Asks: 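The structure's right below; bear with me while I get my questions together.
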Amino acid sequence: MTIMTFTRIMTAMLMVIVNLFNYTFNDYAYPAVSMSGAYVFCYFTGNEVDEQTIHLAVSTDGYNFEALNNNEKIINQTQGTGCVRDPYIFKAVDEEGQDCYYIVATDMNALEGWTSNHRIIFWKSYDLINWEDEYLLDFRQFEGFENCNRAWAPQVIWDKEEEKYMLYLALSEWDDPETPENEDIAQHYYLYTSDFKNFTEPEYLYGRRTEVATRDDGVVFNGVQCIDGDMIYNEKDGYYYLYFKEDLYQKIAYVRSKNASGPFEGDYVTCSLNWFGVEGSTMYNITGTNAWMMIMDEYGEGTFFAQMTRDFEDFRQVQRARYSVNHLKPRHGSVVAISEAEYFALVDAYGVQPTEK
């Protein structure tokens, strides 16, 4: 056991009575203690050009994050729009079997409009400090997507049945590029890859394009947008859970399937617990426990909301006072577990910016 881990456990022990009271009487999640390593949060900060950039923050407990590099960008994007949104950071293995990290994100400048992009962008790193191999994937190269006008929030999961990496994201296209009012409804599609340079053709994953739905206030949706997918594999029940933004009520919902590529069973289930509209949910495991954090962007409030689950279906809110990211001013991002050595290397390279909650 390292000094970092010992300190976290001792702190958690001191909070046992408070946490137990809140768990029992206030219906908050009982915090899980991270048993090893640390965490990196990857995000952007707004809709201006200099805010649509890659930022990183670190945490030793999975709850409280501190900005690296004075909360300024850590990658200089040289291709595409020069702006990046919805970054997803994940561990992978390269073509030679070496462990590495990737960031994949939406290549988009929001100032050009919400139906203005058709590419996503990748970077690779072996140390989380030096990012290289910048690569653009343009969806207009694929048959049937020549008029793509959204390529949003890409993420990657290892498909254990196919033994391949599966890239999935929300795509839409104009029926006629000369008539923007005919823009399509975004749905989720997937592609397979082994090197993040060569991809299969996009195939349908999940969506609600043909659904006609009426909200409680009487507003009718002729096709419901389906964006911001986050897929997690549950080893206990063998299901892949796809969480996404439920656009009728601006909540997070999920569907599940025995296969990463679907089909998904039954109707969706709403699972977010907050009052405000949310999007861009992401889940990560508290290392060494069976607890999973789900954090989501309360985009209209400029805040993040956190909740916890141990079975991927039932959630409890994490007290806002116990979760600290709002000082980073983050937008739709993601978290990955790292080693203690990687944590200290990042701190040495960039420095951290402690900020009060």
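For clarity, every value in this text was computed on a predicted model and none was experimentally measured. This chain uses plain numbering: 1 for the first residue, then up along the sequence.
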Asks: Indicate the ring-plane relationship of F244 and Y268, choosing parallel, tilted or perpendicular according to the 30° and 60° boundaries.
Replies: perpendicular
Asks: Would you check if I89 and L128 make a side-chain contact, meaning some heavy-atom pair closer than 4.5 Å?
Replies: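 Result yes, sub-4.5 Å side-chain heavy-atom pair found.
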Asks: Cationic tip of K91 within the cone over Y101's six-membered ring, i.e. under 6.0 Å and within 45° of the normal?
Replies: no
Asks: Taking atom types as modelled, find out whether S281 and D230 have a side-chain donor-acceptor pair closer than 3.5 angstrom.
Replies: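 Short answer, no.
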Asks: Any sub-3.5 Å donor-acceptor pair from Q98's side-chain atoms to D94's backbone N or O?
Replies: no
Asks: Can you find a side-chain donor-acceptor pair between S324 and N326 that sits under 3.5 Å?
Replies: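 N326 and S324 do not have a side-chain donor-acceptor pair below 3.5 Å.
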Asks: What are the two closest non-hydrogen atoms of I54 and P87, and how far apart are they?
Replies: CD1-CB, 3.6 Å
Asks: Flag the pair Y165 / W158 as yes when their ring centroid distance falls below 6.0 Å, and as no otherwise.
Replies: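 Ring-ring flag for Y165/W158: true, centres closer than 6.0 Å.
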Asks: Assess the side chains of N109 and Q52: does a donor N or O sit below 3.5 Å from an acceptor N or O?
Replies: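 Looking only at side-chain atoms, Q52 and N109 do form a donor-acceptor pair, the distance falling under 3.5 Å.
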Asks: I would like to know whether S59 and N64 meet side chain to side chain donor-acceptor pair (under 3.5 Å); could you show each step before the answer?
Replies: CA-CA 6 Å; S59 172; N64 301 287; over 6 Å; no
Asks: Any luck finding a side-chain donor-acceptor pair between Y126 and E132 under 3.5 Å?
Replies: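 No, E132 and Y126 have no side-chain donor paired with an acceptor closer than 3.5 Å.
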Asks: For the residue pair K258 and Y240, would you count it as a cation-pi contact if the rule is NZ or CZ under 6.0 angstrom from the ring centre and within 45 degrees of the ring axis?
Replies: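 No, K258 and Y240 do not form such a contact.
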Asks: Have S261 and N259 got a donor and an acceptor in their side chains that come within less than 3.5 Å?
Replies: no
Asks: Just checking, any donor-acceptor pair under 3.5 angstrom between side chains of S172 and R150?
Replies: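 Present: a donor and an acceptor within the cut-off.
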Asks: Given the side-chain rings of Y284 and W292, with only the six-membered ring counted for Trp, is the space between their centroids under 6.0 Å?
Replies: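 No, they do not, as the ring centres are separated by 6.0 Å or more.
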Asks: Quick check on the hydrophobic clustering: are L346 and V336 connected, directly or via other members, by side-chain heavy-atom contacts under 4.5 Å?
Replies: yes
Asks: Do D348 side-chain atoms and G351 backbone N/O form a donor-acceptor pair below 3.5 Å?
Replies: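 Not a single qualifying donor-acceptor pair exists.
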Asks: Within the supplied structure, the quantity of interest is the number of heavy atoms (other residues, nucleotides, ligands) at a distance under 6.0 Å from E265 CD; does it exceed 12?
Replies: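 It does: E265 CD has more than 12 such atoms within range.
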Asks: Taking the six-membered ring for Trp, are F145 and F142 ring centroids under 6.0 Å apart?
Replies: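 Not under 6.0 Å, so no.
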Asks: Side-chain contact, heavy-atom cut-off 4.5 Å: I103 with Y88?
Replies: no
Asks: Would you say L136 ends up clustered with M108 if hydrophobic residues are merged whenever their side chains have heavy atoms under 4.5 Å apart, either directly or through other cluster members?
Replies: no
Asks: Would you call D217 and R215 a salt bridge, taking side-chain N to carboxylate O under 4.0 Å as the test?
Replies: yes
Asks: Taking the ring of F196 and the ring of F90, is the distance between their centroids below 6.0 Å?
Replies: yes
Asks: Side chains of V33 and T289, heavy atoms from C-beta outward: is any pair under 4.5 Å?
Replies: no
Asks: Assess whether atom CD of E163 is packed by more than 12 heavy atoms of other residues, nucleotides or ligands within 6.0 Å.
Replies: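 Incorrect, the count does not exceed 12.
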Asks: Could you tell me if T303 and E298 have a donor-acceptor pair between their side chains, going purely by distance under 3.5 Å?
Replies: yes
Asks: Would you call H332 and T106 a side-chain contact if the rule is heavy atoms closer than 4.5 Å?
Replies: no
Asks: For residues D311 and T309, is any side-chain donor paired with an opposing acceptor at under 3.5 Å?
Replies: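 Short answer, yes.
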Asks: Side chains of N149 and W114: any donor to acceptor distance under 3.5 Å?
Replies: no
Asks: Any side-chain to backbone donor/acceptor pair from Y135 onto I120? Under 3.5 Å, distance only.
Replies: no
Asks: Give a yes or no on whether Y241 and M283 share a hydrophobic cluster (residues Ile, Leu, Val, Met, Phe, Trp, Tyr; joining criterion: side-chain heavy atoms under 4.5 Å apart).
Replies: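 In one cluster: yes.
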Asks: Any link between V269 and L273 through a network of hydrophobic side chains (Ile, Leu, Val, Met, Phe, Trp, Tyr) touching at under 4.5 Å?
Replies: yes
Asks: Salt-bridge test for K245 and E279: reply yes if a basic N is under 4.0 Å from a carboxylate O, no otherwise.
Replies: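 A salt bridge links K245 with E279.
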Asks: In terms of ring plane angle, is the pair F264 and Y206 parallel, tilted or perpendicular, where the classes change at 30° and 60°?
Replies: perpendicular
Asks: Can you spot which of T282, D86, N71 makes a side-chain hydrogen bond (donor to acceptor under 3.5 Å, both in side chains) with Y43?
Replies: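 Among the candidates, only N71 passes.
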Asks: Below 4.0 angstrom, N of the basic side chain to O of the carboxylate: do E246 and R208 qualify?
Replies: yes
Asks: State whether the side chain of Y28 and the backbone N or O of P31 hold a donor-acceptor pair below 3.5 Å, judged by distance alone.
Replies: no
Asks: So, for F41 and Y39, is the gap between ring centers shorter than 6.0 Å?
Replies: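 Between Y39 and F41, which both carry aromatic rings, the centre distance is not below 6.0 Å.
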Asks: Within the structure provided, determine whether L68 and V352 are in side-chain contact (heavy-atom separation under 4.5 Å).
Replies: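 Side chain of L68 against side chain of V352, heavy atoms only: contact under 4.5 Å found.
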Asks: Verify side chain to side chain contact (heavy atoms under 4.5 Å, CB included) between K197 and F122, making sure each step is shown before the conclusion.
Replies: CA-CA 9 Å; K197 293 287 182 63; F122 292 86; over 6 Å; no
Asks: Would a single hydrophobic cluster contain both V255 and Y243, if residues Ile, Leu, Val, Met, Phe, Trp and Tyr are joined by side-chain heavy-atom contacts under 4.5 Å?
Replies: no
Asks: Will you find, in the side chains of D216 and Y249, an N or O donor that is under 3.5 Å from an N or O acceptor?
Replies: yes
Asks: Are T78 and E134 close enough that a side-chain donor and a side-chain acceptor fall under 3.5 Å?
Replies: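 Yes, E134 and T78 have a side-chain donor paired with an acceptor closer than 3.5 Å.
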Asks: Between E211 and F221, is any pair of side-chain heavy atoms under 4.5 Å apart?
Replies: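 Side-chain contact under 4.5 Å: no.
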Asks: With side chain to side chain contact (heavy atoms under 4.5 Å, CB included) as the criterion, how do D138 and H118 come out once you've worked through the C-alpha distance, each side chain's angles and the decisive distance to 0.1 Å?
Replies: CA-CA 6 Å; D138 191 338; H118 49 92; 2.8 Å; yes
Asks: Backbone N or O of G277 within a donor-acceptor pair of the N274 side chain at under 3.5 Å?
Replies: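 Not confirmed, N274 side chain does not pair with G277 backbone.
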Asks: With a 4.5 Å cut-off on side-chain heavy atoms, are F139 and E173 touching?
Replies: no
Asks: Could you walk me through whether H55 and I74 pass side chain to side chain contact (heavy atoms under 4.5 Å, CB included), step by step?
Replies: CA-CA 6 Å; H55 297 244; I74 58 94; over 6 Å; no
Asks: Does H188 have its ring centroid less than 6.0 Å away from the ring centroid of Y168?
Replies: no
Asks: Going by the side chain to side chain contact (heavy atoms under 4.5 Å, CB included) test, name the single residue among V156, L205, D159 that passes it with M231.
Replies: L205
Asks: Apply side chain to side chain contact (heavy atoms under 4.5 Å, CB included) to V84 and I121, showing your working.
Replies: CA-CA 8 Å; V84 66; I121 191 165; 4.0 Å; yes
Asks: Does K124 NZ have over 12 foreign heavy atoms under 6.0 Å away?
Replies: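 More than 12 within 6.0 Å, yes.
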Asks: Is any NZ, NE, NH1 or NH2 atom of the basic residue among D237 and R256 found under 4.0 Å from an Asp or Glu carboxylate oxygen of the other?
Replies: yes
